[in-house]
Amino acid sequence: MALGEHWLVTGKNGSGKSTLARLIAGELHSALGGRVQRPFLGRDLLTERRAQIGLVSAELGIRQRRDWTGREVIGSAWSGAEGFSPDLTPDQARTVEELAAHLALTDLLDRGAESLSQGQLRRLLLARAVAHRPRLLILDEGLDFLDAASRAAFLTLLPGLAREGTHVLMIAHRASDAPAGLTHHLHLGGGQVAFSRALRSDSAHLQALP
């Protein structure tokens, strides 16, 4: 994945899509003899990954089912801690409020994560994934459980993020699930690359989104 590229990864259940996402995010370690290179990190340390990678996944959602407020879920973006949110700077606190307003989450900021529906929690996690303007945004079926309005509201954030240096890796069952503007398509089968190709697009850098 090179500068300016935004990738779609597809494949059937069990093909390795989520494993790949967690491997890139640093939640899993490669098998003996394997190696993951993250050249966009100054130092490939856990703290750097948390600061430079935004991730939304079903596994991450399960881990949020605690007595954490929506504000803490979003605010944990900068530290990479889950649920626990250290004191935010005034700019960070303002970003949380602005994202919540844009994604219609303001009424969820003071609610406990364990009381939310899957769709509500997913929207909080999407806000968390972009709050710190990561270099890499991984959406592992991240737009699931969203209604049309919520999906559209989130997608309007991506062009601005891309212009500021965020790269998108979107994982989906089918190519038709992905928004316009992605530059490459990787298809997995049985943990192997079935094919990889460039996508034709009038908007190579997510300018066409949503």
Side-chain angles (χ1 to χ4, degrees), residues 8-15 17-22 24-25 27-28 50 53-86 88 92-134 136-161 166 168-180 182 209-210:
L8 167 67
V9 179
T10 58
K12 296 180 180 179
N13 286 335
S15 62
K17 303 188 302 299
S18 292
T19 299
L20 176 63
R22 296 184 68 192
I24 294 171
E27 292 199 338
L28 298 176
R50 287 174 170 175
I53 298 175
L55 172 66
V56 180
S57 68
E59 169 69 22
L60 181 62
I62 291 171
R63 300 202 300 261
Q64 305 302 309
R65 294 299 188 180
R66 303 289 189 274
D67 187 22
W68 299 328
T69 66
R71 191 183 308 276
E72 289 171 324
V73 170
I74 299 175
S76 65
W78 287 274
S79 67
E82 292 179 12
F84 170 72
S85 175
L88 301 180
Q92 290 170 345
R94 185 162 47 251
T95 295
V96 170
E97 295 289 344
E98 290 172 352
L99 274 173
H102 181 84
L103 298 176
L105 297 171
T106 302
D107 62 334
L108 304 182
L109 290 180
D110 296 316
R111 286 184 55 181
E114 59 189 1
S115 72
L116 303 178
S117 69
Q118 283 186 308
Q120 290 170 325
L121 182 57
R122 180 58 55 89
R123 286 156 56 205
L124 286 172
L125 291 176
L126 286 167
R128 176 185 187 270
V130 300
H132 58 315
R133 298 188 176 278
L136 177 62
L137 172 62
I138 303 175
L139 301 176
D140 184 2
E141 299 178 21
L143 303 183
D144 288 4
F145 309 116
L146 299 186
D147 57 30
S150 297
R151 177 186 170 97
F154 178 74
L155 292 180
T156 61
L157 298 172
L158 294 189
L161 288 168
T166 296
V168 177
L169 179 67
M170 180 164 289
I171 294 175
H173 283 293
R174 301 170 297 275
S176 59
D177 294 334
L182 302 177
L209 291 176

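We count residues from 1, following the sequence as given.
Of all heavy-atom pairs spanning Leu99 and Ala127, the tightest one is CD1-O, 3.5 Å. Nearest heavy-atom pair across Ala178 and Met170 is CA-SD, 4.0 Å. Thr156 and Pro159 make their closest contact through O-CD, 3.6 Å (heavy atoms, listed as atom of the first residue, atom of the second, distance). The two atoms that bring Leu105 and Ile74 nearest to each other are CD1-CD1, 4.4 Å, heavy atoms only. The minimum heavy-atom distance linking Ala131 with Thr95 is given by the pair O-CG2, 3.8 Å. In this structure, Ala129 and Val56 approach most closely via the heavy-atom pair CB-CG2, 3.5 Å.
Summarising the geometry, atom CG belonging to Leu157 is positioned 5.5 Å from atom CG belonging to Leu103; distances are rounded to the nearest 0.5 Å. With rounding to the nearest 0.5 Å, the separation of CG in Leu158 from OG1 in Thr166 is 8.5 Å. To the nearest 0.5 Å, atoms CZ (Arg50) and CG (Leu55) are separated by 12.0 Å. Residue Leu137 holds its CG atom at 7.5 Å from CG of Leu161, rounded to the nearest 0.5 Å. The distance from atom CD of Gln120 to atom CZ of Arg122, rounded to the nearest 0.5 Å, is 13.0 Å. Taking CZ of Arg128 as the reference point, atom CH2 of Trp78 lies at 10.5 Å (rounded to 0.5 Å).
Residues meeting the side-chain contact (heavy atoms from CB on, under 4.5 Å) test with Arg71, sequence neighbours left out: Thr69, Val96, Glu97, Leu109, Asp110. Residues that satisfy the side chain to side chain donor-acceptor pair (under 3.5 Å) test with Glu27, not counting sequence neighbours, are Arg22, Arg63. Applying the side chain to side chain donor-acceptor pair (under 3.5 Å) test to Asp107 and every residue at least two apart in sequence or in another chain returns nothing. Residues forming a side-chain contact (heavy atoms from CB on, under 4.5 Å) with Ala104 (at least two apart in sequence, or on another chain): Arg123. Evaluation of the side chain to side chain donor-acceptor pair (under 3.5 Å) rule for Ser18 yields Asp140 as partners, not counting sequence neighbours. Residues satisfying the side-chain contact (heavy atoms from CB on, under 4.5 Å) test with Arg94, not counting sequence neighbours, are Asp91, Glu98. Residues passing the side-chain contact (heavy atoms from CB on, under 4.5 Å) test with His173 are Asn13, Lys17, Glu141, Asp177, sequence neighbours excluded. For Thr10, the side chain to side chain donor-acceptor pair (under 3.5 Å) test picks out His185, His187, with sequence neighbours left out.
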### Task
Starting from the C-alpha separation in whole Å, work towards a yes-or-no answer on side chain to side chain contact (heavy atoms under 4.5 Å, CB included) for Val130 and Phe154.
CA-CA 10 Å; Val130 300; Phe154 178 74; 3.9 Å; yes
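Side-chain contact between Leu20 and Leu169: absent, with no pair of heavy atoms (C-beta onward) separated by less than 4.5 Å.
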